[in-house]
Amino acid sequence: MRLEAESLKNTLFWEKANIALPQFDLNAMIAITGAAPRWIHFGAGNIFRAYIADIAQRMLDKGYETAGIIAVGGSNGEIIDKCFSAYDNLTILVTLKSGGTTEKKVIASVAQALKIDNDFNAIKKIFTFPSLQIASFTITEKGYNIKNQKGFFLPEIIDDITRGPLHSESYFGRIAALCHERYTKGAYPLAMVSMDNCSHNGDLLFSVLDTIAEKWVTNGLVSAGFLDYIRDKNKITFPWTMIDKITPGPDEKVRDMLASCGLENMQITMTIKNALAAPFVNAEESGYLVIEDSFPNGRPALEKAGVLFANRETVEKTEKMKVCTCLNPLHTSLAIFGILLGYSKVNEAIKDKDLLKLLEGIGYGEGLPVVTDPGIINPGEFIDKVIKERLPNPFMPDTLSRIATDSSCKIPIRFGETLKAYIKAKKDCSDLKLIPLIFAGWLRYLLKINDQGIPMEISSDPNYASLEKCLNGVNFGQTGPFHDNLEPVLSNPLFFGVNLYEAGLGEKVEELFTQMTAGPGAVRKTLNNVLNL
């Protein structure tokens, strides 16, 4: 049996395979969405397919919503071809529970799957509908970068702010052009909802679009009214959100399990960006989505599907709790040191007693003291679940290399905000011992040699070229000093959120890096020494 719309009519097959089918009329949903779209989402990756599209499906299944969701893929559109168009926009979601059981269902809530380049005119048309309520985003932290490390606009952004909305080609140039289209066709209200793991993600999204709109006005490319539209909270809002759902790449064991059920087209392929793609997604059972309740054009009944709504202050607390303390920093810490120590899977690395102690120290010891309980989720209980259930889950085939991807963009958010909180609370950052260890470990990781002295691959990072240049001349087995190499990196707030020397941590990071570079076993030895201080 192939995964396609026609095959869903064979209910006996799906029942025998123990795969739940959608409980709504697929063709009616597609027609209703086309006539009056309500929700469009940018970023059609795993977290969208495993969580956002599932939220839409739960509303459809329960009859709380009749329109589906429109998915938009990135610039090359490959994910749309490989994971949507080839399967009539259907996905199989496999939930991997810590107890060893699985839950399988067909996700059919995607009414359309479009490419931001090839289908841009169709997307522009969608933005002219008064019915549109939400444009949401899961494009990763680095997707919002419109400037380089020196604070200058990227070349493609420079081109777009001089060309205007009719000829924009960069990602956010196009998003701004879509907003301009909505403005010119009626200035209808809309919620622009970032669901990425960024601190104050709504403000980040607003800043990017506001910057482009302001340049367009300054350059005489659009009317001043467009900038007023972007800044009018009665027209366009940028709610803050906190999302938490671990969705690793497609796993071969899951593919084989689905194949054993009789599904024929479950192949895993590699994209041109070296990401795995498949017609299924595997994800953990836990999931949290907290959204600031600010929707000027109304919204679907997302709370009926488990979404938590709160005011901005509460969202900020939950976002900081998760991104800066209770999950993401633990993820990054485990990835860096796990890879250096020879591990590849998350559930394998967390069994290492030293790494477990490291995560406990980062979370409970150095993170929680500056976290305010958001009230709707308890921070201590959240960490308990992460360390005791989620990360050790042997049925979650998550890899350390996936987590380590783009670390230079993640570290200033996942650790920098904690450092800023210490500084704001007038706590002495120099008393911290594990966060500087993570920074030193990351720089040690960039040398591409594991703790046994064996060359290793590291995950892709948009800033690796400049980091490599700084580390040029630093070799495994050397004993320093490395100040001249490290100072440009450690003093750069773009990498750590603050200047580490001004925070009292620069010299400590230098010392720890030097210790871990000394030779085979130096990472483990340094880790032990710091943990036992």
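Shown here are the side-chain contact (heavy atoms from CB on, under 4.5 Å) partners of E303, two or more places apart in sequence or in another chain: R299, A301, F309. When the side-chain hydrogen bond (donor to acceptor under 3.5 Å, both in side chains) test is applied to S491, the partners found at least two apart in sequence or on another chain are E487.
No donor-acceptor distance shorter than 3.5 angstrom exists from the side chain of K320 to the backbone of T325, with no hydrogens or angles considered. Side chain of T332 to main chain of P329: no donor-acceptor pair is present (N/O by atom type, distance under 3.5 Å, no hydrogens or angles). For K142 (side chain) and D406 (main-chain N/O), no donor-acceptor pair under 3.5 Å exists by modelled atom type. Using modelled atom types, no side-chain atom of N393 and backbone atom of E284 make a donor-acceptor pair closer than 3.5 Å. Using a distance-only test at 3.5 Å, with no hydrogens or angles considered, a donor-acceptor pair links the side chain of T514 to the main chain of E510. The main-chain N or O of I449 is found under 3.5 Å from a side-chain atom of R444 such that the two form a donor-acceptor pair. Side-chain N or O atoms of N201 include one that pairs as donor or acceptor with a backbone N or O of T241 at under 3.5 Å. The backbone N or O of I52 lies less than 3.5 Å from no partner atom in the side chain of K245, so there is not a single donor-acceptor pair. At distances below 3.5 Å, at least one donor-acceptor pair connects side-chain atoms of K82 with backbone N or O atoms of M270. A donor-acceptor pair is defined here as one N or O able to donate and one able to accept, closer than 3.5 Å; such a pair exists between the side chain of T237 and the backbone of S294.
No side-chain heavy atom of H200 sits under 4.5 Å from any side-chain heavy atom of L204. At a threshold of 4.5 Å between non-hydrogen side-chain atoms, the residues L486 and L443 count as touching. The shortest distance between side-chain heavy atoms of I411 and F496 falls below 4.5 Å. Using a 4.5 Å heavy-atom threshold, the side chains of M456 and Y445 count as touching. A heavy-atom distance below 4.5 Å is not found between the side chains of V281 and I107. In this structure, I146 and F153 have side chains that are in contact, with non-hydrogen atoms separated by less than 4.5 Å. Looking only at side-chain heavy atoms (C-beta outward), L93 and R49 stay at 4.5 Å or farther from each other. In this structure, the side chains of L334 and I403 stay at 4.5 Å or more apart for every pair of heavy atoms.
When all heavy atoms of A71 and A44 are compared, the closest pair comes out as CB-CB, 4.4 Å. S136 and W39 make their closest contact through OG-NE1, 2.8 Å (heavy atoms, listed as atom of the first residue, atom of the second, distance). Residues N347 and P394 share a closest heavy-atom pair of ND2-CA, 3.7 Å. Taking every heavy atom of both residues into account, A277 and T271 meet most closely at CB-CG2, 4.0 Å.
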For residues 355-363, please give each side-chain donor-acceptor pair under 3.5 Å, one per line with the distance, not counting sequence neighbours.
from : atom 1 : to   : atom 2 : distance (Å)
K357 : NZ     : N532 : OD1    : 3.2

Please set out all donor-acceptor pairs under 3.5 angstrom arising from side-chain atoms of residues 419-426, sequence neighbours excluded.
from : atom 1 : to   : atom 2 : distance (Å)
K420 : NZ     : E417 : OE2    : 3.2
Y422 : OH     : E366 : O      : 2.8

Listed pairs under 3.5 Å, donor-acceptor, residues 465-472 side chains, sequence neighbours left out:
from : atom 1 : to   : atom 2 : distance (Å)
S466 : OG     : Q149 : NE2    : 3.0
S466 : OG     : N463 : O      : 3.0
E468 : OE2    : Y464 : OH     : 3.4

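Within the 6.0 Å centre-distance limit, the rings of F382 and Y288 are counted as a close aromatic pair. Taking the six-membered ring for Trp and the full ring otherwise, Y144 and F172 have centroids separated by under 6.0 Å.
At a threshold of 4.0 Å, the pair E313-K317 counts as salt-bridged, since one of the basic side-chain nitrogens sits closer than that to a carboxylate oxygen. Taking 4.0 Å as the cut-off between side-chain N and carboxylate O, R414 and E141 count as a salt-bridged pair. The existence of a salt bridge linking D398 and R390 is excluded, since no basic side-chain nitrogen approaches an acidic carboxylate oxygen closer than 4.0 Å.
Applying the side chain to side chain donor-acceptor pair (under 3.5 Å) rule to pairs touching residues 94-103 yields nothing, sequence neighbours excluded.
Evaluated for a side-chain contact (heavy atoms from CB on, under 4.5 Å) with V523, the options T517, D451, N528 yield exactly one hit, D451.
Y501 and H483 have perpendicular rings, their planes meeting at more than 60° on a 0 to 90° scale where under 30° would count as parallel.
Side-chain contact of Y343 with N450: a donor-acceptor pair under 3.5 Å is absent, judged by distance alone.
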